[in-house]
Structure formats: C-alpha cells, structure tokens
Amino acid sequence: MQKDGFSPKEIIPIVNSVTAEINKISLDKQIRELEKLAPELLKKEKKERDFSLPALPGAEKGKVVTRFPPEPNGYLHIGHAKAVIVDYEYAKKYDGKFILRFDDTNPENAQLDFYDAQKEDLRWLGIEWDEEYRTSDNLEKHYKLAEQLIKQDNAYVCQCSPEDIKHGRYHGKECTCCGTGCGDNLTLWKQILNSSLDDAILRLRGDMTCDNTAMRDPTLFRIIDKPHPIHGDKYRVWPTYDFAGAVEDSLSGVTHPFRTKEYELRDECYFKLLDSLKLRKPHLMEFARLSIEGMPVSKRKIKPLIENGSVSGYDDIRLPTLRGLKKRGILPDAIKQFVLEQGISKVESSVTFGLVEAANRKIIDPNAKRYFFVRDPIKLIVENAPDMTKKINLHPGNKELGSRTIKTGKTFFIQESDIKELKVGDVFRLKDLYNIKITEKKKDILAEYDSDKLIPNSAKIQWTTDKHIKMNVLVPHPLFVKDKYNKDSLETVNGFAEEAVSNLKTGEIIQFERFGFVRIENVENKIIGFFTHK
RNA sequence: GCUCCCAUAGUGUAGUCCGGCCAAUCAUCAAGCCCUCUCGAGGCUUAGACUCGGGUUCGAAUCCCGAUGGGAGCACCA
C-alpha cells in the first residue's frame, strides 16, 4: 500500500467502515454478491507442499561443498541418514561437491571393519560421493598447524591432571601451565611428539572466564598410545574433534558444514581456531538430532541387548540401523523422503516410525505382489468342492505383475479369527474362488460349496490349500517402551503361506493380503518373513 | 548451578529473517463416506494448533521484554 502511495493509517478507517457496512448484510447475500463480483475468491485451492531443502545462505551454484564425517566406529543408523542425506542433497541442489570424510582421530574408537561397512551402508542409501579421505591421513598437516598456533602463542602445553583441568574449567581458573612462554611450549610440544613427554595435552588459549565453557582452553591434541586401524603405531598424538573438525572443513574446501545441535556451543571455538590459523571460515550450520519413538539409536542402549542376545545383531529388524531397516523391507527412497519431510529444523522432536512406514508403503504398494497367508490356521473341509485350477492376479491394479495358478480340492486352511463371528449356515467367500456355507463348526470347519457369483458385502477371506508352506513371520514392535527394553518387542507369527511363496527370492517385498507387507528371505528353501508394516 | 538452543493440531512440519495476501501449509494419525473380490492402495469429507503474560504498531504466529516448558553443553568422545 505504501509503495503505491497509500498510507495504511488513512485507508484502514475507510476499510473498517466498509466492512462494518457489509457485515450488516446477511451471509447468504454476501456470498451471492461475491459470486457475481469475484467468484474466484470463494474457491480455496489446495497448495502443494514443496519438500525441497530451503536455500543455503551464501550459496552459489557450482561452488557449494558439503561433507559427511562419520567416525568409523559402528554401523550407520537413521540419524546418520538424516545428516548424510541433507549434506548430499545440498551438494546436488547446487551442483556442488560432496565429500565423505572418515573422522578417525581416536584410535580407541576407530575400527577397520567400519570404514567399509559404512560405505556399504551409504551406497545402499543411494549416496554417491565425489571425494573420500580419512582425517587420520592429514596428521602431519595438523602437527604443523599446531606448531603455528604455539608460535603465535595461541596454544600451550598443559601437564595438569585431568581432574585439575576439569576443576579449573568449572571455576574459570587458569592453571600454571598457562603461563609457559611460547618458546618453552614449542619445546614441550616437540617432546610430546617424540615421546619424551607423557601426560600432557595441547590446549587452545581461549578464555578461562568465558561464559561459554567450551571456550575455556579446550584440548586440541592428546596422547593416545593405541594402535590405529590404518596407521598402526605411527602416531601417538591425536587431534580432538574441535581441532580436526574445524581444520578439515576449512582445508578440504567445505563451504556449508552441518552438524547436530549439541555442538552449537563449540561454534565459537571453531571460528576462533580458524581465525588464529588464518584459515577460511565455512558457513557452519546446525540441526536437531532425529529421534524415533521406541527406537533408540545409541550404542549405549543397543550394545547390551546384542550382547545378552535380546537383539540378534545390528541388523535386527527392531533397530533403526540402516541394516535393520533394510532387512525389514524399508526402501532407501522412503528414508530419503522421510528425512526431507523432517527438514533441518532445530526443534527437538520425537517422530513416530509411522511416518517412515507411510513413505515406504507409498513406494512399495504399486509393485508388491499379493499372496495369501493364513496365520494360526485351522482346517476347512468343503464336502462337495469342485476340483478347480484357478488363476489369480498377483496385484489388483498392476497387471504386469502377472498371476499364479492354484489347484483346489476339498481341503483348505483358513484363519480361525476370520470365521469366529460366523455361525453354521452363514455364507462367506474364499477370496478369488467361490462362496461356501458353513455346515459344522468343531475342531475342523465343515462347509459346502454354495455359489460362484460374488455376493456384495460378503466376507472374503484368504486361504491356502493342503499344498502350502509353513512359514514364520517375525513382527517387530517397539524395542523400548517408557525407556525400558520391551521383552515383547519381537513377535513370531506362525502360519501357512500359499505354495507360490516358496519361489520368492531373498529381498522381495510382498504383501500378504489383510496381514501386511513382508520382506522375504529364502535361504536354502527355508522361507522366513520379516514384517515390514501394515 | 552456569551458559546456549528451541517452542505452530495427537505426532511431525511450512510460514518467523524482511509484520498485512495466515480465515495458518502439507503429511501422518483419528472418524465417516465412496471405490475395490485384501483390513492394502486410491478418491472425497470431517475433526484438530500459533505455550503464557506484557509491550511496539492502524495491524503480530512473525518484532521487543518477561515468564513457563523442553533439550543440549560444561571430556584428553565425536
């Protein structure tokens, strides 16, 4: 309004008086009038939500560099997936570069197997990286930068005990090492490197009185006398995350590094360090950790369960590890969509797994073959049943999936709960076959052929013949309930599946009608199912 | 305890930077109807939210102050 030369102050009273006048007219009349004047205003159109990531500050096409820096100390889980998908998608969005960097600067944590395991997990997720390296390969470079810091008097060697350091930090008090001159610090540092000095660390000269406790002279390097999975005994002095993270982001050209919110307090340290080293400062950003109800991600919680056998391993279908999700039948694209739906907000939230399921269902439904599975089966004898050979489609809509042929006789198996409500004389339909009438209900169910024509609104239930395969489906439930291990978290459903299921291969995700989607594993003709979701 | 971050339907999220087009988005969940030889999918409909209190302004979800609630950090782990 102001742009067009109108002042709101002058116009609003006029608008108010006009609306007051119009509001005297009845609503019906108002609507009729509006229909004449501007019918388009009466329609409310649905807006589509756009799931693409918000624009990155200071980003230029072709010049964005992101990175995913896992520590090779475990299998990747959905939390990692969030980080890596955000990193990767941003690089793609801006035609930039995406780096996979192994932050393996703690030989106590890093394990050889996990470098490859994590890459395997990432490939499964559909992530491709333009560059890959290990932080541990750059240690010499880090030592040089440390020396530079010492020479500039931005860092010093501290020989206090961990307890004293902690104490000093807590109370904002400098320790005596802080007063050491830079020449001496350089000597001490060299002694640390050549192993003639133990029990010492290199600290940044921050500000011991700073409100931000992360700035109270954080540790930059420490001695860890343990063989490294890649470098063996070559090094004993290792940079901490504060040092290595900042330096690597800068040196490798990362423009937009993301990390989770718990690092926020360390931002100041990150920038101070790069400032002191006169290194380029990336545009650091944070987002909240992803947590899923009943599915904790922390090794602290999961490891004991694996060790005591409550959980089969890191690929257990109750776990939010990528391996667990894969085994259960969750597709990478579903994870990706789910993550992008969540976005990169800083709000702490706990999401239901139902959102992952909903995304997955939309992807698999159009292509999942339909089969019959009867849980807790009971026998059904249809006395005068015609022998039939019946071709049944594998999908109600997608004809390309073809069909299977089932021969039927007198004997069937059906699910007890399906006919619990039915009495002798009731008619129901064996789905895709014919209608039968119950003649007797005892241990077995006796029935007679009734008719062929579909009866509207009659019950249609799934069945198998006496040629079926026995199979178990493992059904996951929340692993934790109210923060405690749920001992009913894994249910085994016993049942009969129709014969055609025996031809399925490991990895196929199918739907057992009225039961749910199931991922099949077929090992040496032993079929087992993992319940994906409803 | 100190410091920092966050606050929109049951859940998650858009909008908040830059106040008006917000009578607040979308998804999920729930309920109902239609469709379907599955309780799946699809279609339609309904229900449901700006934490609270002040202030600034003609006008606040949006800006300011305060309170409350939640989370994180205070490691020689990342």
Side-chain angles (χ1 to χ4, degrees), chain A residues 1-2 7-13 15-16 44 46-51 54 57 69-71 73 103-106 108-110 158 160-162 165-166 169-170 172 199-203 210-216 218-224 237-238 240-242 244-245 259-268 286 288-291 293 337-338 341-343 345-352 354-359 361-362 364-366 368 370 372 392-393 395-398 418 429-435 454-456 458-462 511-517 533-534:
Chain A
M1 278 195 276
Q2 270 158 330
S7 148
K9 272 198 178 169
E10 288 162 23
I11 285 180
I12 297 291
V15 172
N16 282 342
K44 204 168 179 182
K46 261 201 167 171
K47 287 177 215 162
E48 281 276 306
R49 207 182 127 203
D50 167 24
F51 284 114
E71 185 181 32
N73 71 336
D103 263 350
D104 54 349
T105 54
N106 186 341
E108 287 182 336
N109 293 345
C158 178
C160 299
S161 70
I165 292 174
K166 190 173 177 170
R169 271 223 181 89
Y170 193 84
D199 298 323
I201 57 173
L202 187 72
R203 297 175 74 178
C210 187
D211 277 344
N212 181 355
T213 47
M215 288 304 287
R216 324 248 253 229
T219 306
L220 266 20
F221 285 84
R222 78 288 209 202
I223 298 166
I224 301 175
V237 182
W238 294 92
T240 58
Y241 171 81
D242 276 328
R259 50 187 190 181
T260 44
K261 238 174 62 156
E262 66 266 26
Y263 295 114
E264 251 177 334
L265 261 354
R266 322 201 75 87
D267 287 6
E268 203 178 340
E286 272 103 7
R289 272 196 124 110
L290 176 64
S291 54
E293 277 169 25
Q337 196 194 314
F338 165 74
E341 270 171 24
Q342 300 310 305
S345 98
K346 283 186 175 185
V347 188
E348 293 293 328
S349 58
S350 189
V351 191
T352 53
L355 292 178
V356 178
E357 294 181 356
R361 192 179 295 116
K362 286 201 174 67
I364 63 180
D365 184 77
R370 273 40 178 188
F372 292 169
I392 304 174
N393 286 336
H395 194 282
N398 186 349
D418 278 344
R429 187 173 181 83
L430 295 172
K431 188 179 176 263
D432 293 317
L433 197 63
Y434 47 67
N435 308 311
L454 197 61
I455 303 167
S458 74
K460 296 162 204 105
I461 70 165
Q462 281 67 20
Q511 189 201 51
F512 282 146
E513 290 190 13
R514 287 170 62 241
F515 180 78
F517 293 94
H533 46 66
K534 248 314 206 186

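Hydrogens, waters and symmetry mates are skipped; everything else that's a heavy atom, side chains included, is used. Proteins get letters first, then strands, A, B, ... in listed order; numbering begins at 1 in each. Only a predicted model underlies this, so the values are computations on that prediction, with no experimental measurement involved.
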| said: Salt bridge check, A:K460 against A:D418: does any charged N sit closer than 4.0 Å to a carboxylate O? | reply: no
| said: Nearest to the side chain of A:T213, heavy atoms from C-beta on, is which of B:C76, B:G73, B:A78? | reply: B:G73
| task | Check every strand shown and say whether A:T260 touches a base, only sugar-phosphate, or nothing at a heavy-atom separation below 4.0 Å. | result | nothing
| query | Quick one: which of B:A7, B:A72, B:C5 gets closest to the side chain of A:E264? | reply | B:C5
| If you look at every strand shown and take non-hydrogen atoms under 4.0 Å, does A:N393 touch a base, only sugar-phosphate, or nothing? | nothing
Under 3.5 Å, N/O pairs linking protein and nucleotides 40-42 of chain B:
from: B:G40; atom 1: O4'; to: A:Q511; atom 2: NE2; distance (Å): 3.4
from: B:G40; atom 1: O2'; to: A:D365; atom 2: OD1; distance (Å): 3.3
from: B:A41; atom 1: O4'; to: A:D365; atom 2: OD1; distance (Å): 3.4
from: B:A41; atom 1: O4'; to: A:D365; atom 2: OD2; distance (Å): 3.2
from: B:A41; atom 1: O2'; to: A:D365; atom 2: OD2; distance (Å): 3.3

| request: Give the stems involving RNA chain B, where a stem is 3 or more consecutive Watson-Crick or G-U wobble pairs (i with j, i+1 with j-1, and so on) under 3.5 Å. | output: B:1-7 with B:68-74, B:10-12 with B:26-28, B:30-34 with B:42-46, B:51-55 with B:63-67
| A:Y241 side chain: which of B:A78, B:U11, B:C37 is closest? | B:A78
| message | What's A:S350 touching, base or sugar-phosphate or nothing? Going by heavy atoms closer than 4.0 Å. | response | sugar-phosphate
| Any N or O donor-acceptor pair linking the side chain of A:Y263 to the base of B:A78 at under 3.5 Å? | yes
| Between the base of B:C37 and the side chain of A:R429, is there a donor-acceptor distance below 3.5 Å? | yes
| query | For A:D103, which contact category applies under a 4.0 Å heavy-atom criterion: base, sugar-phosphate, or nothing? | reply | sugar-phosphate
| query | Heavy atoms under 4.0 Å, any strand shown: does A:E513 hit a base, just sugar-phosphate, or nothing? | reply | base
| message | Counting the atoms with a prime plus P, OP1 and OP2 as sugar-phosphate, which does A:Q462 contact under 4.0 Å by heavy atoms, base, sugar-phosphate, or nothing? | response | sugar-phosphate
| message | Which nucleotide wins on minimum distance to the side chain of A:D432, given the candidates B:C37, B:U11, B:C4? | response | B:C37
